[in-house]
S.K.: 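Here it is, the structure, as structure tokens.
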Number of protein chains: 2
Amino acid sequence: MNERDPDRAVSHTVRAQLALRDLILSGRLRPGERISELGAVETTGVSRTPVRMALVRLEEEGLLEAIPSGGFMVKAFTERDILDSIELRGVLEGLAARFAAERGVSARDLEPLKQSLAELDELVARDAVSVEAFSAYVTMNARFHALLTELSRSAPLIRQIDRASALPFASPSGFVMAQSALPEAHQTLIIAQDHHRIVVDAIENREGARAEAVMREHARLAARNLRLALRNRTHLDLLPALALIRSPVSE
Amino acid sequence: MNERDPDRAVSHTVRAQLALRDLILSGRLRPGERISELGAVETTGVSRTPVRMALVRLEEEGLLEAIPSGGFMVKAFTERDILDSIELRGVLEGLAARFAAERGVSARDLEPLKQSLAELDELVARDAVSVEAFSAYVTMNARFHALLTELSRSAPLIRQIDRASALPFASPSGFVMAQSALPEAHQTLIIAQDHHRIVVDAIENREGARAEAVMREHARLAARNLRLALRNRTHLDLLPALALIRSPVSE
DNA sequence: TAATACCTTTATGTATACAGTATTGAATGG
DNA sequence: CCATTCAATACTGTATACATAAAGGTATTA
């Protein structure tokens, strides 16, 4: 029987994909663990066909790995993988910033980014170090990065960045969570916010190289802080994606 | 009935994916054209289930686009999309080259790349401008780029580059085809070969920035030549991926 | 003649049945 | 007690059947 429930307009396939992704990212499915189709059918409530589609999509997303003999397992990542993903993301966003700067952005199109910057400024100025404040910053920060990516007006690049962000630790949210996982979290946010300000200024003044460089530095800051956080075992609960690391923390 | 044919060890899904991809890249399926599942079942000879899996994978690959009302169509690209994809590829390969240089490559690991370089040198020295010679160069060139990517020893980056290469015009073969699609093709190959030589040297001497810069320049060369080839309408038959461009050639 | 409504047909999303293979467990032999 | 082999079970890959929605064509009316 097909979907008649008016509550949910999304397809069974999408529902299954969302449910399974949440299961993986929340850590309830451990890295290396095999995902049974039948089990997924039980947890998601849909039949095997949409479950299979969801599994294929999650594999392409990078969260699952195909087992040669058949089926899929939760992909495991090393610490190196995660740091590389962050740097990769920085390179891609650097290109997006450069494209935006080189190709020119109208004042009208730049407005949303500036407003996002202002809202982030306000959050940082509040000097709140609560988990809720960080959570708000994470959301706003992700929006800033998304807006910046859009300004590149390059469909292939936007697509690639979206794909690179499938791994949560490589997303802007991951950046901030890593940053917040430090006693000096607030100082880090101030520096990150400075990067944001510089990239907006560079885009406005059509300084492509500067825009690209600062986005790369932005990612390096996040990578460095994540490394420190992993070493110091501080606030790791803020980084749910850490569930994906193969061995608990060590290299 | 399951696959019993000993001739083919690949699954029905993979067979369907290969067949459909070939159909798209060869231009027999035009951009924007809707792909009927039933039609795909007839052309591929497998049932709807593996056809559907193949369609999902091709969508993730970037060759297909989901239709809101259901089903898939062949994705169409603008000339700008293609040029951006080439630059994007250059940025990614630049990062790979930098990783290889910064992290160090043993003489033993560098050997295959050097040999590939030598083989390419030989082909260029022959000064043959036949289609067969170009075809051989394309194959060797793709191998060189694949080896270079591997030397980064970064699983996330390698994965991303593989994904970015799904679009044939963004692949190393596409680079060379764009280069060869010019009257001055041989001169272009000489320059490209110089880039190859420099990147190997930079990796060997651990000059990360230099390695990255030359790979970016390498992609810019390809992009510039493709633009010229499109303007001059020269040797476009050497670029099969052009079938993916939305309007015949113009921007 | 054109527009609209209804019906027919087709195609997609979903569910399930079937075939074959891999994996696991137990039992037997060394 | 451990290893090896065989059998049973479970799971994946594939095929097909079913339900619903969309699209196209035809007929009827203005």
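Per chain, numbering begins at 1; letters A, B, ... match sequence-line order. When reading the values below, keep in mind they use all heavy atoms of this one structure, side chains included, and skip hydrogens, waters and symmetry mates.
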S.K.: Identify whether the distance between the nearest side-chain nitrogen and carboxylate oxygen of B/Arg159 and A/Asp81 falls below 4.0 Å.
M.R.: no
S.K.: Of the nucleotides D/dA15, C/dG13, D/dT12, which has the atom closest to the B/Arg52 side chain?
M.R.: C/dG13
S.K.: Is any side-chain N of the basic residue among B/Arg57 and A/Glu59 closer than 4.0 Å to the acidic one's carboxylate O?
M.R.: yes
S.K.: Ignoring the backbone of A/Arg48, work out which of D/dG13, C/dA11, C/dT14 is nearest its side chain.
M.R.: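 In terms of side-chain proximity for A/Arg48, the closest of D/dG13, C/dA11, C/dT14 is D/dG13.
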S.K.: Within the pair A/Ser69 and D/dT12, is there a side-chain N or O less than 4.0 Å away from OP1 or OP2?
M.R.: no
S.K.: Would you mind reading off the distance between A/Leu38 atom CG and D/dT9 atom P, rounded to a whole angstrom?
M.R.: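 Those two atoms, CG and P, are 16 Å apart.
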S.K.: Rounded to the nearest Å, what distance is computed from the NE2 atom of residue A/His12 to the P atom of nucleotide D/dA21?
M.R.: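 Rounded to whole Å, this separation is 12 Å.
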S.K.: Let me know the distance between CD1 of A/Ile67 and C1' of C/dT21, rounded to the nearest Å.
M.R.: 14 Å
S.K.: Is the backbone N or O of B/Pro112 less than 3.5 Å from a side-chain atom of B/Ser116, with the two atoms forming a donor-acceptor pair by type?
M.R.: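 A pair under 3.5 Å: no.
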S.K.: Less than 3.5 Å between a donor and an acceptor, one on the side chain of B/Thr49 and one on the base of D/dT16, is that the case here?
M.R.: yes
S.K.: CD of A/Glu37 versus P of C/dT16: gap in Å, rounded?
M.R.: 14 Å
S.K.: Does B/Arg34 or B/Met53 map to a spot on DNA chain D nearer the 5' end, using the closest nucleotide for each?
M.R.: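 The residue whose closest nucleotide sits nearer the 5' end is B/Met53.
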S.K.: Measure the distance from CG on A/Leu55 to P on D/dC11 and round it to the nearest whole Å.
M.R.: 14 Å
S.K.: Between atom CZ in A/Arg15 and atom P in C/dT14, what is the gap in whole Å?
M.R.: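 Rounded to the whole Å, the gap is 9 Å.
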S.K.: What does B/Ile35 touch in the nucleic acid at a heavy-atom separation under 4.0 angstrom: a base, only the sugar-phosphate, or nothing?
M.R.: sugar-phosphate
S.K.: Check this for me: does any side-chain nitrogen of one of A/Glu61 and A/Arg163 sit under 4.0 Å from a carboxylate oxygen of the other?
M.R.: no
S.K.: Please confirm whether the shortest side-chain N or O distance from B/Thr13 to OP1 or OP2 of D/dG13 is below 4.0 Å.
M.R.: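 Answer no for this pair, as no side-chain N or O of B/Thr13 is under 4.0 Å from OP1 or OP2.
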S.K.: Give the rounded distance in Å between these two atoms: CZ of A/Phe72 and C1' of D/dC11.
M.R.: 13 Å
S.K.: Is the closest basic N to carboxylate O distance between A/Arg28 and A/Asp22 below 4.0 Å?
M.R.: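 A salt bridge links A/Arg28 with A/Asp22.
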S.K.: If you only use heavy atoms from C-beta on, which nucleotide in D/dA15, D/dC11, D/dG13 is closest to the side chain of B/Ser47?
M.R.: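 The answer is D/dA15, which lies nearest to the side chain.
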